[in-house]
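As structure tokens, the structure follows; a few thoughts come after it.
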Amino acid sequence: MLERFLKQTEFKDFEDFKKNFEIIVPDNFNFAYDVMDAWAEEQPDKLAMIWTNDKGVERKYTFADLKKETDKTASFFMSLGIGKGDKVMLILKRHIEFWFSILAIHKIGAVVIPATHLLTKKDIVYRNNAAGIKAIVACGDPLILEHINAAIPDSPTIKALISVGPEVPEGWHDFQKGKENAAPFVRPEKNDSDDISLIYFTSGTSGEPKMVAHAHTYALGHIATASFWHNINETDIHLTVADTGWGKAVWGKLYGQWIAGSVVFVYDHEKFTPADMIKMIVKHKVTSFCAPPTIYRFLIREDLSKYDLSNLRHLSTAGEALNSAVYDTMLQLTGLKIFEGFGQTETTLSIGTFKWLEPKSGSMGVPNPLYDIDIVTPDGRSCEEGEQGEIVIRINKKRPCGLFKEYYLDPERTAEAFTDNGTIYHTGDVAWRDQDGYLTFVGRTDDVIKSSGYRIGPFEVESALMTHPAVVECAITGVPDEIRGKVVKATIVLGKGYEPSEELIKELQDHVKKTTAPYKYPRIIEFVKELPKTISGKIRRVEIRKNDEAK
């Protein structure tokens, strides 16, 4: 399958990859037809997905099975009046119906909007009206149904509600019955490759969420994600730990993995239990595993020597900075290195430790050849080695197919992100580059602290604090100071058995001085029960700063 979309599929080293990695974009590209149905035609019995849950249910699907299920789902959706360009929101956790639905929506040429099950009435109303959502497909869980029903009176664009069960309230369509009773599927008119196929609501740390609109070609951008970062091929079984409401799900549970022809493994669970996750990896012989650093922190606390992890051959991570202690411990316990990566809702993997490279603990890796990445100062100068600056993507030569089209219906925000006549995309993230070209994440542009002439990134101080056993979570912000301009403040959630005290404050400050450069230590420490967060779990440092200003 890769040969259909790449000018060169095998690379002898990273230099070869950097020089010759090029994606071929077909006319009227549609992932559901050009990848999934193509597999079904060529290798119908090839295993595509293993889905299991925490109740012991297990299902396996070939590519032929998925074609059958998605054709029926698409026909059912079309019978409800869903057509090309219509917006459909999916609130489906890790239920198998997510994959049936997203592929069906692609087949119709409609626009899919994945969403988390944590949305409340207010969140749902905002999304319905901002995007003009026509239909919602949701889990039939009482609380989810309650929030959606409460939002409907204030959501005039909604025309259809679909429940996958177990509950199907009055006024809702039954997904299972509708799919099974659907008429034979007839493909509607073809889409253009540049048509919008997917919109994500970003959980920004300030303001209302933005609508990130991706074209059908976005799926092709994930070839590098799966084949050269997750390091998978047709023989692999890949597990990415992510709920389908977040962008990481399509990074690791859909596009790139199936272009590569690997098996997507899904573990549908309500509560994360490290031991259960490890048992699933062992039982189903997972070969490639990707999870945020938080998951690895839980896994290394288990006695991994009790498990046969011999099938596991590749580990990767993204989402936050990986602590060196976690990397070293995982390497010691499994013999496997963790390959870091970086990207945004607006992109595919844009920086990564690709399979030919040696991981550097704390570094995101090097630029994906698909993207022309630079690090620049506020005045637009390219940074020197070791100098901090904003990560930007230059698109004056070619626009990478993994980069989003626009912030939907928001030309002002789009213009703010794409400057210089639309030739430079500003990520808003700060990093620095070492002598080998590896990039290290520092923080968001508005989170970087300038103190006594030093630029201090919150992540490096947070990473240092997180190595202390007393710290469960923390957030680093800057507090105005007459002498230094700003000083570093740490807002900390303590673990069980620890109580706030002046002695603990001094201990934590000394710990940071020993773990990282002494000038970065937090001069102010506040202990709290919980940190303010967005709905996707990102820490709202802006709220901490506002509270400090109010004080």
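Side-chain contact annotation: Y255 with T225, donor-acceptor N/O pair under 3.5 Å absent. Using a 3.5 Å distance cut-off with no hydrogens or angles, the side chains of H284 and T52 do not pair a donor with an acceptor. Neither side chain, T423 nor N421, offers a donor N or O lying under 3.5 Å from an acceptor on the other. S350 and N368 share no donor-acceptor pair across their side chains, judged by distance under 3.5 Å alone.
Applying the salt bridge (Lys or Arg N to Asp or Glu O under 4.0 Å) test to residues at least two apart or on different chains, the pairs with a partner in residues 96-110 are D37-K107, D71-K107.
Checked for salt-bridge contact, R94 and E270 miss the test: no charged N lies under 4.0 Å from a carboxylate O. K271 has no carboxylate O lying under 4.0 Å from a charged side-chain N of D276, or vice versa, which leaves the two without a salt bridge. A salt bridge does not link R394 with D372: every distance from a Lys NZ or Arg NE/NH1/NH2 to an Asp or Glu carboxylate oxygen is 4.0 Å or more.
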Exercise for the section: Tell me, with the steps shown, if H238 and T240 meet side-chain hydrogen bond (donor to acceptor under 3.5 Å, both in side chains). Expected result: CA-CA 7 Å; H238 179 77; T240 282; 2.7 Å; yes
Practice task
Could you give me the CA-CA distance, side-chain angles and deciding distance for N149 and W172, then say whether side-chain hydrogen bond (donor to acceptor under 3.5 Å, both in side chains) is met?
Solution key: CA-CA 10 Å; N149 280 329; W172 286 64; 3.0 Å; yes
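Between W356 and F228, a ring centre-to-centre spacing shorter than 6.0 Å is recorded. Aromatic pair F100/Y61: ring centres closer than 6.0 Å. F289 and Y296 have their aromatic ring centers within a separation under 6.0 angstrom.
Put simply, the residue from D141, T116, D268 that forms a side-chain hydrogen bond (donor to acceptor under 3.5 Å, both in side chains) with K93 is D141.
A cation-pi contact, defined as under 6.0 Å to the ring centre and within 45° of the axis, links R187 to Y33. A cation-pi arrangement is not found for R413 relative to Y407, the charged atom failing to lie both closer than 6.0 Å to the ring centre and inside a 45° cone about the ring normal.
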